[in-house]
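Here the structure comes first, spelled out in structure tokens, and everything after it is commentary.
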Amino acid sequence: MRRTVHPIETESYRIMRSRADFDRFEPLTRAVVERVVHTTADPSWTGEVVADEPALRQGRDALLAGAPLITDVRMVASGITAREVRIGLDFPGVTDLAASEELTRSAAGMRLAAAEHPRGAVWAVGNAPTALLELLQLAENGELEPALIVGVPVGFVGAVDSKAALRRSGLPAVSTLTERGGAAIAAAAINALLYWAEPGGNR
């Protein structure tokens, strides 16, 4: 996906690369890590993001082929402007399902979205650990086969455990190691995949 890069962004990347070493990452992983660092202005993210290059390739290919892109909350979707995004919370019946099954609304949204898009979608979870855990349960039950899960929920309750569970699952994934994450991080990872261009990365 081609786009015009503003000179301010070009200079920002130059400064960023002078302050952190990105050369150790494979190309798509580097694209994701760089965009996260650029988004946060925090080079410490170079040690936080966990990604698998073939999984990123699979996710990117799916996105460029028009696969559904589904986020847990609107904040993630608002950071992705290059293509259409579906939001779990906006699926009809979320409130009723959450009440009847004693789920969070975020988890209910993921369950409804997965019923409509069980195969080949790209998922971006930037807010709710319960949304990520619901995706993992659906995958374990054979009800979900994602092209990629960007699982970076933020918080002190459940976030670390849900992301560790994602890494253990063997599903194609991007995650973060600690409580850190959030909507901006999820959107940055997706944008990195959308904007990356062969052969030299996302810039």
Side-chain angles (χ1 to χ4, degrees), residues 1-5 9 28-29 31-36 38-40 49 51 55-95 97-98 103-136 138-139 143-155 159 162-163 166 171-176 180-197 202:
M1 181 173 297
R2 296 184 181 275
R3 70 187 185 104
T4 301
V5 179
E9 182 175 342
L28 272 172
T29 303
V32 170
V33 174
E34 284 193 332
R35 192 154 291 275
V36 168
H38 179 260
T39 296
T40 60
V49 177
L56 294 179
R57 173 74 64 172
Q58 178 173 290
R60 179 177 183 272
D61 289 347
L63 288 170
L64 297 186
L69 171 58
I70 303 161
T71 70
D72 58 334
V73 293
R74 296 178 188 89
M75 287 188 295
V76 178
S78 68
I80 303 166
T81 59
R83 57 157 299 162
E84 180 183 0
V85 182
R86 301 204 67 186
I87 302 162
L89 288 176
D90 288 347
F91 276 74
V94 164
T95 300
L97 179 62
L103 299 169
T104 66
R105 291 176 67 246
S106 295
M110 293 293 96
R111 185 178 297 184
L112 291 168
E116 190 168 325
H117 302 289
R119 306 287 182 267
V122 174
W123 301 79
V125 177
N127 183 66
T130 56
L132 180 54
L133 290 171
E134 182 66 24
L135 292 179
L136 296 179
L138 291 166
E143 300 174 56
L144 182 71
E145 293 180 10
L148 179 70
I149 297 176
V150 176
V152 291
V154 62
S162 68
K163 289 179 281 192
L166 173 60
L171 294 169
V174 178
S175 65
T176 51
R180 295 198 295 174
I185 305 307
I190 294 294
N191 286 333
L193 298 181
L194 289 171
Y195 296 145
W196 186 79
N202 71 328

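For reference, positions follow the sequence shown, starting with 1.
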Quiz item: How far does CH2 of W123 sit from CG of L166, to the nearest 0.5 angstrom?
Solution: 13.5 Å
Practice problem: Could you tell me the separation between the CG atom of L171 and the CG atom of L135, rounded to the nearest 0.5 Å? | Solution: 9.0 Å
Practice problem: Answer yes or no: is there a side-chain heavy-atom contact under 4.5 Å between H117 and L144? | Solution: no
Quiz prompt | Approximate separation, where rounding is to 0.5 Å, of I87 CD1 and S78 OG | solution = 8.0 Å
Quiz item: Out of curiosity, I80 CD1 to L194 CG, how far, rounded to the nearest 0.5 Å?
Solution: 7.5 Å
Exercise. Check whether any side-chain heavy atom of R111 sits under 4.5 Å from a side-chain heavy atom of L97, and report yes or no.
Key: yes
Self-check item: Least distance between heavy atoms, P172 atom then P146 atom
Solution: CG-O, 3.6 Å
Quiz item: Are V32 and V49 side-chain neighbours, meaning at least one heavy-atom pair lies under 4.5 Å?
Solution: yes
Practice problem: Using a 4.5 Å cut-off on heavy atoms from C-beta on, say whether the side chain of L148 contacts that of L193. | Solution: yes
Self-check item: Sub-4.5 Å side-chain heavy-atom contact between L89 and S106
Solution: yes
Quiz item: Heavy atoms, side chains only, cut-off 4.5 Å: are L63 and D61 in contact?
Solution: no
Self-check item: Close side-chain approach of V174 to I149, heavy-atom, < 4.5 Å
Solution: no
Quiz item: Does E134 come within less than 4.0 Å of R105, counting only side-chain N to carboxylate O?
Solution: no
Self-check item: R60 (side chain) donor-acceptor with W196 (main chain) under 3.5 angstrom
Solution: yes
Practice problem: Identify the residue among L133, T130, D72 that makes a side chain to side chain contact (heavy atoms under 4.5 Å, CB included) with T104. | Solution: T130
Quiz prompt | Heavy-atom side-chain contact between V154 and R180 under 4.5 Å | solution = no
Exercise. Kindly say whether R119 contributes a backbone atom to a donor-acceptor pair with the side chain of E145 at under 3.5 angstrom?
Key: no
Quiz item: Looking only at atom types and distance, does a side-chain atom of K163 sit under 3.5 Å from a main-chain N or O of P153, one as donor and one as acceptor?
Solution: yes
Quiz item: Hey, what do you get for CZ (R86) to OG1 (T71), rounding to the nearest 0.5 Å?
Solution: 10.5 Å
